[in-house]
Amino acid sequence: MVPEADRAKRPTRTSVWLEGKPAGRGRRNENSDHPAGLDRDRITAVSVRLLDTEGPAKFSMRRLAAELGVTAMSLYWYVDTKDDLLELALDSVFGEVRVPEMTDEDADWRDQLRELATSYREVLVRHHWVSPLVGRYLNIGPHSMAFSAAVQAVMGRTGLAPHGRMGGLAAVFQFVYGFGTIEGHFVQRCADAGLSQDEYFRLAMGAINEQPRFQESFEDAGQLMEARGGDTVAEMRQRDFTFAIELLIAGIETMRARDRASAGPRTGAEDGPRDPSGDGARD
């Protein structure tokens, strides 16, 4: 625990969006000598590229400055700390999540949930450094907030009782977070080894099968893999993800029906517009 006196000297950092330098600061003028053509958007884009290729362990202000062709000190016109850069990069990639059109009142919440879950997973896999940072920062940048608003709006359309919506949100998106995190790290490990996912999988399973102490634990692995279907690791993983999302949607529908049964009969006016399958309200 940090002593109170130290906390007073070094106040706890909250977020670049609350206490960082304004985005417009640092533009070249006649009284400044920092590099022309440098702005926060460019700095953020190059930060994302470095994080993708080299990972967070090697990321630093000095490394970023070298990539930009500027001095490390010039970056402080735009950000105060390395944390500011990481938070900006994190919010930038959240802009890659495909957010459904939430003004479409006729849209099926199930399709919207699938779209958000799938796109979030893709971001976690494409940018393997994202998952450890999600819990590190407040995630209140514009792209993160747009994603959060869309998720909450879709959960509001499920028909779940208000007290259950955060639980439904956690069930779906913490699953996606975990699934995408493991997948992203596996993909990166394969890339670091210079192997495809299928090559790495065959190599790993071959090494395991050669060890007697693992044979009992993995004796059913072949049957399970066959039951999953798919000719490649990516195809098997996609089948798993699709099945899991459908399972979660079915769970939401079941809990919604349970809530309505507990609440007693409802009038047609209270039920709201129903979807074509006839199993519940869209909104």
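Quick note: residue numbers are just sequence positions, from 1. Scope of the values below: all heavy atoms of this structure, side chains included, with no hydrogens, waters or symmetry mates.
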> Taking all non-hydrogen atoms of both residues, which atom of L85 and which atom of M61 are closest, and how far apart?
Replying inline: CD1-SD, 3.0 Å
>> Does H143 form a side chain to side chain contact (heavy atoms under 4.5 Å, CB included) with V97? I'd like the steps, not just the answer.
In response: CA-CA 9 Å; H143 295 119; V97 178; over 6 Å; no
> Only one of T181, L90, D52 clears side chain to side chain contact (heavy atoms under 4.5 Å, CB included) with V130; which?
Replying inline: L90
> So do T81 and L86 actually touch side chain to side chain, heavy atoms under 4.5 Å?
Replying inline: no
>> Does R189 have more than 12 heavy atoms from other residues, nucleotides or ligands lying within 6.0 Å of its CZ?
In response: no
> Hey, is the main chain of E115 close enough, under 3.5 Å, to the side chain of S119 for a donor-acceptor pair?
Replying inline: no
>> Could you see if F179 belongs to whatever hydrophobic cluster contains V187? Use Ile, Leu, Val, Met, Phe, Trp, Tyr and a side-chain cutoff under 4.5 Å.
In response: no
> When you check the side-chain N and O atoms of T232 and Q197, is any donor under 3.5 Å from an acceptor?
Replying inline: no
> Under the 3.5 angstrom rule, does the side chain of T254 hit a backbone N or O of A250 as a donor-acceptor pair?
Replying inline: yes
> Looking only at side chains, do H127 and E96 share a donor and an acceptor under 3.5 Å apart?
Replying inline: yes
>> Return the CH2 to CE distance between W17 and M145, rounded to the nearest 0.5 Å.
In response: 11.5 Å
> For the residue pair R256 and W109, what are the closest heavy atoms and their distance?
Replying inline: NH1-NE1, 3.7 Å
> Is R110 paired with E253 through a side-chain N to carboxylate O contact shorter than 4.0 Å?
Replying inline: yes
>> For the CH2 atom of W129 and the CG atom of L51, what is their distance to the nearest 0.5 Å?
In response: 5.0 Å
>> Looking at every heavy atom in both L64 and L50, which two are closest together, and how far apart are they?
In response: CA-CD1, 3.8 Å
> Any side-chain heavy-atom pair from L113 and M155 closer than 4.5 angstrom?
Replying inline: yes
>> Check this for me: R258, atom CZ, are more than 12 non-hydrogen atoms of other residues, nucleotides or ligands nearer than 6.0 Å?
In response: no
>> Are the side chains of E101 and Q112 in contact, using a 4.5 Å heavy-atom criterion?
In response: no
>> Please report the interatomic distance CG(L68) to OG(S47), rounded to the nearest 0.5 Å.
In response: 7.0 Å
> Are side-chain N/O atoms of E122 and T118 paired as donor and acceptor at under 3.5 Å?
Replying inline: no
> Do other residues, nucleotides or ligands put more than 12 heavy atoms under 6.0 Å from R62 CZ?
Replying inline: no
> Is there a donor-acceptor pair under 3.5 Å between the side chain of S144 and the backbone N or O of G141?
Replying inline: no
> Other than F243, what residues sit in its cluster of Ile, Leu, Val, Met, Phe, Trp and Tyr side chains whose heavy atoms are under 4.5 Å apart, directly or through others?
Replying inline: L247
> Roughly how far, to the nearest 0.5 Å, is CD1 of I208 from CZ of F214?
Replying inline: 7.0 Å
> Within a strict 4.5 Å, meaning less than it, do heavy atoms of the R157 and D108 side chains meet?
Replying inline: no
>> For the CD atom on Q211, are there more than 12 heavy atoms of other groups (residues, nucleotides or ligands in this structure) within a distance under 6.0 Å?
In response: yes
>> Less than 4.5 Å apart, side chain to side chain, heavy atoms only: is that true for K58 and R63?
In response: no
> Out of curiosity, E235 CD to R239 CZ, how far, rounded to the nearest 0.5 Å?
Replying inline: 7.0 Å
> Does D83 come within less than 4.0 Å of R136, counting only side-chain N to carboxylate O?
Replying inline: yes
> Can you hop from I245 to V99 via hydrophobic side chains spaced under 4.5 Å?
Replying inline: no
>> Please give me the minimum heavy-atom distance between L195 and E199, naming the atom from each residue.
In response: CA-OE1, 3.5 Å
> In terms of ring plane angle, is the pair F147 and F94 parallel, tilted or perpendicular, where the classes change at 30° and 60°?
Replying inline: tilted
> Between D39 and R42, is there a salt bridge with N-O shorter than 4.0 Å?
Replying inline: no
> Going through the distances and angles, do L18 and I140 end up as a side chain to side chain contact (heavy atoms under 4.5 Å, CB included)?
Replying inline: CA-CA 9 Å; L18 298 176; I140 56 173; 3.7 Å; yes
> Who are the side chain to side chain donor-acceptor pair (under 3.5 Å) partners of Q238, not counting sequence neighbours?
Replying inline: R121, T242
> Ring centres of Y120 and Y177 under 6.0 Å apart?
Replying inline: no
> What are the two closest non-hydrogen atoms of D91 and P142, and how far apart are they?
Replying inline: OD2-CD, 3.3 Å
> Can you list the steps and then say if R237 with V233 is a side chain to side chain contact (heavy atoms under 4.5 Å, CB included)?
Replying inline: CA-CA 6 Å; R237 191 184 293 117; V233 171; 3.3 Å; yes
> How far apart are the closest heavy atoms of V134 and N139, and which atoms are they?
Replying inline: O-ND2, 2.7 Å
> When clusters are formed from ILVMFWY side-chain contacts under 4.5 Å, directly or step by step, what else is grouped with I182?
Replying inline: none
> Should Q188 and D192 be marked as a side-chain hydrogen bond (donor to acceptor under 3.5 Å, both in side chains) after you check the CA-CA gap, both sets of side-chain angles, and the distance that decides it?
Replying inline: CA-CA 6 Å; Q188 186 60 40; D192 291 342; 3.0 Å; yes
> For R40, does its backbone N or O pair with a side-chain atom of T44 as donor and acceptor, under 3.5 Å?
Replying inline: yes
>> Within the 4.5 Å heavy-atom criterion, are Y78 and L38 side-chain neighbours or not?
In response: yes
> Hey, mind stepping through D111 and R114 against side chain to side chain contact (heavy atoms under 4.5 Å, CB included) and telling me if it holds?
Replying inline: CA-CA 5 Å; D111 293 334; R114 293 183 188 104; 2.8 Å; yes
>> To the closest 0.5 Å, what do you measure between CG (D84) and OH (Y137)?
In response: 8.5 Å
